[in-house]
Amino acid sequence: MTRYFRLRENNATVTASFDASHKWGLPGVHCPTCKLTWATAGLLYPAVDLTHLPERREFERARPEPFAEFARLRELVRPLAPPNALLLPGTLFGPLVGKASGDFGAFTSLGNLPWVVRKDAFERLQAEGIRGLLGGPTELRFRKKNPPELLELQLEPHGQLHPDCIPPDVPPPCELCGHRYFRLPDEPILDAASLPPDLDLFRVGNFATVSVVTERFMHAVQRLELSGLTFHELPTR
Ligand SMILES: [Zn+2]
């Protein structure tokens with residue numbers, strides 16, 4: 001039985017910071033069905049590159065759009081995204097662009113969403129055979145000389161929280177835009193049958209702000225003494 005852990009930043013060990021945002025994104029949406037205007041948080045595809053998309057400028061500014069316009073833009077990105085990628089309003093792509101300062105350890109995050117990793121740490125995890133390890137470039141600018149080489153991990157959405165995590169009075173997702181809101185329980189439980197059997201890191205498919213790793217990933221990080229992460233076990237059912 002694989003054990004799973006929620007990934008969080010370890011503020012006690014991180015001495016670096018960055019102020020950056022992703023280069024491209026899908027707009028938010030005004031949905032004519034559920035009447036909401038919204039954008040998701042946590043769907044990040046840093047390895048998806050829109051550089052060669054003629055319409056790339058339409059992905060540079062965050063704003064809500066009518067559903068039809070959102071859907072048009074989503075179809076432009078789909079061929080560049082991983083197969084069957086979840087592409088909700090507000091999904092972000094490409095490198096983090098902005099300023100960085102301080103001494104970067106192995107891992108640094110901003111609110112447990114983007115996971116920035118030093119290239120040397122990434123390569124050591126690769127050598128350990130971590131499954132599903134994928135890094136995208138970053139465009140973080142430093143004032144100092146010899147800045148570290150930094151990547152951002154691409155954690156793709158897979159699996160679900162167990163249905164018991166969703167209060168019974170929460171309506172099903174909107175048929176048009178996919179919107180569904182519920183609060184993350186204090187002790188989330190993963191739906192065992194839905195979890196990807198061949199990945200050591202991913203985001204929860206119906207709660208993408210939750211980053212999950214296997215014990216295999218955790219043990220590799222501990223063995224290599226890579227800094228910046230804490231692990232909290234998530235039960236499965
Ligand atoms: Zn909707």
Side-chain angles (χ1 to χ4, degrees), residues 6-7 21-50 53-94 96 110-115 136 152 154-196 199 202-212 234 237:
R6 183 174 181 186
L7 201 58
S21 54
H22 290 87
K23 197 163 191 169
W24 302 290
L26 284 173
V29 72
H30 298 296
C31 178
T33 300
C34 66
K35 312 289 185 206
L36 291 170
T37 296
W38 68 285
T40 192
L43 285 177
L44 312 176
Y45 295 94
V48 171
D49 181 6
L50 307 193
L53 194 66
E55 300 89 347
R56 64 185 175 277
R57 305 223 41 178
E58 299 182 55
F59 298 87
E60 288 176 355
R61 190 171 55 86
R63 78 284 180 188
E65 291 280 3
F67 185 82
E69 175 63 1
F70 159 75
R72 182 184 75 85
L73 293 169
R74 179 168 61 179
E75 293 319 302
L76 293 175
V77 175
R78 203 185 291 284
L80 302 171
N84 305 313
L86 184 62
L87 300 172
L88 294 175
T91 300
L92 300 174
F93 310 100
L96 278 167
L110 266 183
N112 306 305
L113 283 175
W115 295 101
E152 183 187 342
Q154 179 161 301
L155 275 69
E156 296 175 7
H158 290 282
Q160 307 279 324
L161 292 179
H162 192 273
D164 290 353
C165 295
I166 304 174
D169 58 342
V170 171
C174 172
E175 281 179 22
L176 184 63
C177 74
H179 182 271
R180 190 181 208 193
Y181 176 78
F182 58 93
R183 208 181 132 268
L184 186 69
D186 293 337
E187 295 295 333
I189 302 163
L190 298 173
D191 181 9
S194 74
L195 299 175
L199 296 177
F202 56 94
R203 295 184 184 280
V204 176
N206 61 347
F207 220 108
T209 52
V210 178
S211 301
V212 179
L234 290 168
R237 187 182 294 163

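When a ligand or atom number is given, it counts from 1 through the structure's own listing order. In this chain, residues are counted from 1 in sequence order.
The aromatic rings of Tyr45 and Phe93 sit parallel, their planes meeting at an angle under 30°, below the 60° perpendicular limit.
A 4.5 Å side-chain heavy-atom check between Val212 and Leu195 finds every atom pair outside the cut-off.
The angle that Cys31 SG and Cys174 SG make at the Zn ion (ligand 1), rounded to 10°, works out to 110°. Our summary of the site lists the angle at the Zn ion (ligand 1) between SG of Cys34 and SG of Cys177 as 110°, to the nearest 10 degrees.
Exactly one residue among Glu55, Glu65, Glu58 makes a side chain to side chain donor-acceptor pair (under 3.5 Å) with Arg72. That residue is Glu58.
When distances to the Zn ion (ligand 1) are checked against a cut-off of 2.8 Å, His179 contributes no N, O or S atom below that limit.
For CD of Glu75, the number of neighbouring non-hydrogen atoms (other residues, nucleotides, ligands) closer than 6.0 Å is greater than 12.
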